[in-house]
Amino acid sequence: MALSTLLYISSTSFPPLHLPKSPIPFNKILSLPTPRPRFPTSSLSPHRPKAFPMQGILSEAINLIHSSPPTWRSALFNNLLIFIVGSPILVSGLSLSGICAAFLLGTLTWRAFGPSGFLLVASYFVIGTAATKVKMAQKEAQGVAEKRKGRRGPGSVIGSSAAGCVCAFLSISGVGGEAFSRLWELGFVASFCTKLSDTVSSEIGKAYGKTTYLVTTFKVVPRGTEGAVSVEGTLAGLLASILLASIGCFMGEILAPEAVICVIASQIANFGESIIGASLQEKEGFRWLNNDVVNVLNISIGCILAVLMQQVILQNLHA
């Protein structure tokens with residue numbers, strides 16, 4: 001039965017199968033792009049965090065550092081930056097209140113005379129502090145060392161810089177115009193040359209002075225006596241004033257002839273300070289004449305002498 005059925009199907013003819021022809025060729029169908037799913041983009045956007053304006057802050061800091069002529073903002077910023085970096089040195093030579101006074105001095109100096117004036121004062125501080133620390137144990141044993149192991153307070157800072165601060169204020173205020181601006185700068189340098197010479201001569205004299213004489217009578221007196229001088233201390237003070245005047249000349253604060261004037265004025269002022277110390281300091285009726293007051297008189301004499309010498313000597317030479 002099954003065999004007969006198969007024989008019947010094979011002998012029967014069926015009409016051919018016709019499929020509808022596609023209007024698009026087959027090869028075109030293969031090359032059609034695959035549709036991509038679309039997502040709504042009307043209200044969705046990727047979240048981007050806001051960038052911190054670090055570049056703007058750095059740019060502003062660089063502008064303050066290179067600000068010329070210096071402004072109060074640049075002076076405050078640069079002074080703060082240097083005080084933070086140099087805090088270990090400041091702590092070794094100044095008390096906390098002394099550091100505050102020195103910060104005001106540094107800001108004023110930068111505003112008046114720029115980085116060169118600031119570096120001059122910094123050089124004065126470093127050299128003076130180093131001289132104060134020389135043979136500190138020996139000085140303490142002899143009772144002639146500075147208080148607080150040489151860490152100076154605000155009175156010493158103000159007494160050492162009063163004349164320089166006056167010159168700085170005169171320069172900032174433009175007193176006398178451009179013609180006097182160099183004079184105020186000269187007086188500024190001379191005042192610190194005078195004070196450094198005084199500090200170094202005193203400290204080195206107390207440390208190494210073999211024989212100490214009273215300047216008014218040339219009587220031999222113990223080290224540390226007010227108004228006393230020694231050969232070792234005097235020579236060290238002279239070299240210190242030459243060094244600081246040279247630094248001021250190298251940085252363009254003063255000219256070479258003015259550096260010589262600063263050295264001469266500082267030595268005359270220190271001699272006068274020794275006379276005041278020997279004759280009046282700690283005497284009856286002059287108890288108010290302490291070291292800080294004498295310092296102000298000393299640096300004021302050096303400052304005024306330098307300005308007068310510049311006007312009298314150099315102006316006549318150029319005439």
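Below, all heavy atoms of this structure are taken into account, side chains as well, without hydrogens, waters or symmetry copies. Here the structure is a predicted model, which means the values were calculated and not measured.
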Identify every side-chain donor-acceptor pair in residues 218-229 under 3.5 Å, counting partners at least two apart or on other chains, and give the distances.
| from | atom 1 | to | atom 2 | distance (Å) |
| --- | --- | --- | --- | --- |
| Arg223 | NE | Gly209 | O | 2.7 |
| Arg223 | NH1 | Lys206 | O | 3.2 |
| Arg223 | NH2 | Gly209 | O | 2.6 |
| Thr225 | OG1 | Pro222 | O | 2.7 |

Side-chain polar contacts of residues 160-168 - donor-acceptor pairs under 3.5 angstrom, sequence neighbours left out - could you list them?
| from | atom 1 | to | atom 2 | distance (Å) |
| --- | --- | --- | --- | --- |
| Ser160 | OG | Ser156 | O | 2.7 |
| Ser161 | OG | Val157 | O | 2.7 |

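Tyr213 meets the ring pair (Phe, Tyr, Trp, His ring centres under 6.0 Å) test with no other residue; sequence neighbours excluded. The side-chain hydrogen bond (donor to acceptor under 3.5 Å, both in side chains) check on Ser197 picks up Gln267, Asn270, with sequence neighbours excluded. Residues forming a side-chain hydrogen bond (donor to acceptor under 3.5 Å, both in side chains) with Glu253 (at least two apart in sequence, or on another chain): Ser116. With sequence neighbours excluded, no residue forms a ring pair (Phe, Tyr, Trp, His ring centres under 6.0 Å) with Phe271. Every residue two or more places apart in sequence or in another chain that forms a ring pair (Phe, Tyr, Trp, His ring centres under 6.0 Å) with Phe118 is listed here: Trp110. Under the rule for a ring pair (Phe, Tyr, Trp, His ring centres under 6.0 Å), the partners of Phe180 that lie at least two apart in sequence or sit in another chain are Trp184. Remark: Lys139 engages Glu203 in a salt bridge (Lys or Arg N to Asp or Glu O under 4.0 Å) (not counting sequence neighbours).
Listed for the Ser266 side chain is a donor-acceptor partner under 3.5 Å among the backbone atoms of Val263. With Ser279 contributing its side chain and Ile276 its backbone, the two residues share no donor-acceptor pair below 3.5 Å. Side chain of Thr129 to backbone of Val126: no donor-acceptor contact under 3.5 angstrom is found. At least one donor-acceptor pair closer than 3.5 Å links the side chain of Asn78 to the backbone N or O of Ser74. Distance alone, capped at 3.5 Å, is enough to place a donor-acceptor pair between the Glu258 side chain and the Leu255 backbone.
When hydrophobic clusters are built by joining Ile, Leu, Val, Met, Phe, Trp and Tyr residues whose side-chain heavy atoms come closer than 4.5 Å, directly or via intermediates, Phe188 is not grouped with Leu183. With hydrophobic clusters built from ILVMFWY side chains whose heavy atoms lie under 4.5 angstrom apart, Ile247 shares a cluster with Leu119. Cluster membership check: Leu244 shares its hydrophobic cluster with Leu186, using side-chain heavy-atom separations under 4.5 Å among Ile, Leu, Val, Met, Phe, Trp and Tyr. Ile127 and Val134 end up in the same hydrophobic cluster when Ile, Leu, Val, Met, Phe, Trp and Tyr side chains are linked at under 4.5 Å. Transitive grouping of hydrophobic side chains (ILVMFWY, heavy atoms separated by less than 4.5 Å) brings Ile89 and Ile82 into a common cluster.
Around the CG atom of Leu80, the shell of radius 6.0 Å holds more than 12 heavy atoms that belong to other residues, nucleotides or ligands.
The distance from atom CZ of Arg73 to atom OG1 of Thr107, rounded to the nearest 0.5 Å, is 14.0 Å. Separation of atoms CD1 (Ile264) and SG (Cys193) is listed at 12.0 Å; rounding is to 0.5 Å. Note that CG of Asn298 and CD1 of Ile268 are 12.0 Å apart. Values are rounded to the nearest 0.5 Å. Between atom CD1 of residue Ile304 and atom OG1 of residue Thr194 there is a gap of 11.0 Å, rounded to the nearest 0.5 Å.
In the hydrophobic clustering, where aliphatic and aromatic side chains (Ile, Leu, Val, Met, Phe, Trp, Tyr) are joined below 4.5 Å either directly or transitively, Leu108 groups with Trp72, Phe169, Ile172.
Met251 and Leu120 make their closest contact through CE-N, 3.7 Å (heavy atoms, listed as atom of the first residue, atom of the second, distance). Across all their heavy atoms, Val91 and Arg151 have their closest contact at O-NE, 2.9 Å.
Relative orientation of the Phe83 and Phe103 rings is perpendicular, given thresholds of 30° and 60° on the angle between their planes.
Counting only residues at least two apart or in different chains, ring pair (Phe, Tyr, Trp, His ring centres under 6.0 Å) contacts with residues 121-145 comprise Tyr124-Phe192. For residues 191-200, every residue pair satisfying the salt bridge (charged side-chain N to carboxylate O under 4.0 Å, His left out) rule, not counting sequence neighbours, is listed here: Lys195-Asp198.
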Verdict with supporting geometry, Ile254 and Cys262, side chain to side chain contact (heavy atoms under 4.5 Å, CB included):
CA-CA 9 Å; Ile254 53 176; Cys262 287; 4.0 Å; yes
Take Asp292 and Ile158 through the side chain to side chain contact (heavy atoms under 4.5 Å, CB included) test and state the conclusion after the steps.
CA-CA 8 Å; Asp292 295 334; Ile158 296 172; over 6 Å; no
Can you check side chain to side chain contact (heavy atoms under 4.5 Å, CB included) on Glu273 and Leu297, steps first, answer last?
CA-CA 8 Å; Glu273 188 247 8; Leu297 294 175; over 6 Å; no
For the pair Cys100 and Leu104, evaluate side chain to side chain contact (heavy atoms under 4.5 Å, CB included) and give the outcome as yes or no after the intermediate values.
CA-CA 7 Å; Cys100 295; Leu104 296 177; over 6 Å; no
